[in-house]
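Read through the structure below, which is laid out as structure tokens, and then see the notes.
First listed ligand is number 1; within each ligand, the first listed atom is number 1.
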Amino acid sequence: MANTETDILCAPGLEDLPPLPMDAKSLVNDFTHHYFHHLGRDRNCRNIRYNYQALAFTVRERLIERWNNTRYAYIDADTKTGYYLSLEFLMGRALGNAMLNLGLDDAAHRAMEQLGIRLEQVAEEEIDAGLGNGGLGRLAACFLDSCATLQLPVMGYGIRYEYGMFRQRIENGRQVEEPDHWLRDGNPWEMERPEYTQRIRFGGRTECSRNDDGSLTHRWLDTHDILAVPYDLPIPGYKNGTVNTLRLWKSAATDAFDLQEFNAGSYTESVAMKNEAENITMVLYPNDASENGKELRLRQQYFLASASLQDVLARWKQRQGEVFGHFAERNVFQLNDTHPSCAVPELMRLLMDEKGMGWDEAWSVTTRTMAYTNHTLLPEALEKWPVPLFRQLLPRLLEIILEINARFLAEVSSRWPGDNERLRNMSIIEEGPVPQVRMAYLAIVGSFSVNGVAALHSQLLVQGLFRDFYELWPEKFNNKTNGVTPRRWLVKCNPGLASLIAGRIGEGFIADLGRISQVAPLADDPEFRSKWHAVKKANKERLAAVVLDQCGVPFNPESLFDVQVKRIHEYKRQLLNVLHVIHLYDRIKRGDTGEWTNRCVLIGGKAAPGYHMAKLIIKLIGNVAKVVNEDPLVGDRLKVAFFPNYRVTAMEVICPGTDLSEQISTAGKEASGTGNMKFMMNGAITIGTLDGANIEIREEVGDENFFVFGLTAEEVEHQRRSYNPAGIIAADPDLNRVLQLLTSGHFNMFEAGLFDPIIQAIVNPGDPWMVAADFRSYVQAQKRAAAAYLDREAWTRMSIVNSARSGKFSTDRTIAEYNEEIWRLRPVRPLPLVPSEPNGKL
Ligand SMILES: *Cc1c(COP(=O)(O)O)cnc(C)c1O
């Protein structure tokens, strides 16, 4: 049913229209057109939402021209294409980003000024596209920005969740989840493309028959089919005329499915079935770094993989015909973690069952097109699906997986004859009372590239989790250290700093962040330092205003702003942060306040709704904050706030206003981190463990511009065997008093026993996160940071050096490496739009 309309030339000659002008006057004209004629509002309308919508449509038109132009350029170039498959895209707001990347910022400001509208206020109307949990989803968003900026033909594929990441409210210190109905007022950035709808099969049974020539034909019968309808979002590159595509799939009921039931006389049941189909893309699973195991989640994963692959194959067929021999030379799929790894057996199925290819050729094509990125070493995050569930939901896929496994194990046993333990360990099917499909192993076996996301993480992968696979295929394994896009995470979120930098070294750093190193020598220039400090101060004032509004806690911008924002997880050790806060409080109460640095501690992040310990840690932060903030003896020396509903838009205010960036995970547990990079780019100094990309950040800035502490990953594993937290607590009077305060109920006066699970976790010799082990060295690093902050000039110098050394952490660098070492795509420059006369349209 797909692609039938594309054979007819529906819009002859439209390309010959002159492009829309980009000046303020034209923006005013188009804005008013949309406001009055398109949205149907009038001068009595007082709802600013329509101002946002009118401006969004005005910007969107200018995106669409470049979008079409880019598509034509890709078709003409007829070049290899990359596909980024991800269950999550944490995009945040689109308007400001689109204006920045189109170079419309100044004109839009002037246009809104002429209309008496404040652009900043209009932009606040946009709801974040929160289609992700945290780092993994935000990485996907930054990658798309960099692919477009590097003019690489890469398309993102994801799911259009009706409800994204939940909204977090804090009630009496506890997290309350509210549904995020982000599409309620429509989404001006998306374009429905029903003409590219795909059909996805579930359930049913398989049948195998032998053909006359002896070959086998597999059929997947009696399936319950669901439609996948694509919605496209434009992804503009930075001032380069390229606009790439993020295609998000929404599930819908098939008419035929309904009709069957309808004919059987059960009209209402058949209409009700619509719900089941629409459920697939209803909601994002809010678990970060932990598998879920729910059937609906597997449905989502297969739905994304199948819809995206069918879409790519349909486009291939349209342009290349029914020959797939050179498919692998022209297409590459990057799997963002194992979530979309059904793509491996699904591509096999499509090539064999639908395109008539034999196993060997299909396997050769598949294993030359798939590349897999691992995002975590945490065992609880490794996806496994019960074989019976797979058989019931995706019977044909299970057959293919079992065949992949049988052939793979034959390869292993010919390499290591008789090594049955190795066979058991490497099998894609984990034996047990209920056998399980190990999705990571499926992804490794089916891919030509497997990468980790920071140097340490990639090294730990091949030494530990994937050791056997590394021994078999060392050439598959590689590292791609994560990054963040400097467009959103420096220029857009910190215009003051960006223009200070641009004033000295020009704007070249925006699309080539390595050049930001040119500001390093300016750290010695007192005048530059004073301007840098003034920008930081203004950003702290902006953050303080938001904290006062959101948390009701006054932050004094003269104080050290000490910030930890990220998902709440035990391995990220927000608990260690709280123990330090309690220690500072204890010092104040004991009068130990010589050489004191006033400090404002901000902690924010969402806990997975079923993660009780994480939710209890939020409650502890709230209770400690209440005691500290209400104690008149404490005053300005210490303030503590929990930032509710942490999300992309919040981070855009938080990272520019931060002095000290908390990156304090147990070494070996944080694969990379990307929050650490946003803070660094905006001139915060990191206090951190030797974990993930912290190691590479410290390498770039030097030990003297980084507050390092704690056990190394190796020491963590070594000390685990003899870990004795009770002994550590007994030997450390400060930690002892902190635990005394906790056990005495000082922070839960009217909630007896509330924090017992937390206390037990700290004193447990089996504590996987070894909180007590790093307490002393953390407190010492905090002392160094506090002392350093008292010397404003030295601190500002460190701040400048951190920004200046952040060049490596642009996703432009990351994506260039993916492209050079994995994808091998050729950049394609669209033809320039022919400029019209000034105001030609009018
Ligand atoms: C960058 C970012 C993250 C990732 O933060 P980490 O500190 O690397 O865990 C999570 N959520 C949001 C909203 C982000 O912007």
Query raised in the report: Roughly how far, to the nearest 0.5 Å, is the CH2 atom of W249 from the CD atom of Q300?
Result: 15.5 Å
Query raised in the report: When the ring planes of Y372 and F466 are compared, do they come out parallel, tilted or perpendicular, using 30° and 60° as the limits?
Result: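 Taking F466 first and then Y372, their aromatic rings sit tilted (interplane angle of 30° to 60°).
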Query raised in the report: Is a salt bridge present between D145 and R488, judged by a nitrogen-to-oxygen distance below 4.0 Å?
Result: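 No, this pair does not count.
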**Report entry** Residue pairs fulfilling ring-ring contact (aromatic ring centres under 6.0 Å, His included) with at least one residue in residues 645-691, sequence neighbours excluded
**Finding:** none
**Report entry** Lys NZ or Arg CZ of K540 over F555 ring: under 6.0 Å, within 45°
**Finding:**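 Here K540 fails the 6.0 Å and 45° test against F555.
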Query raised in the report: Can the positive tip of K669 be found less than 6.0 Å from the middle of the six-membered ring of Y571, inside 45° of the ring normal?
Result: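 Verdict for Y571: no cation-pi partner in K669.
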Between ligand 1 and the protein, which N/O pairs are shorter than 3.5 Å?
residue, atom, partner, partner atom, Å
ligand 1, 7 (O), K566, NZ, 2.7
ligand 1, 8 (O), T674, N, 2.8
ligand 1, 8 (O), G675, N, 3.0
ligand 1, 9 (O), K572, NZ, 2.7
ligand 1, 15 (O), K678, NZ, 2.6

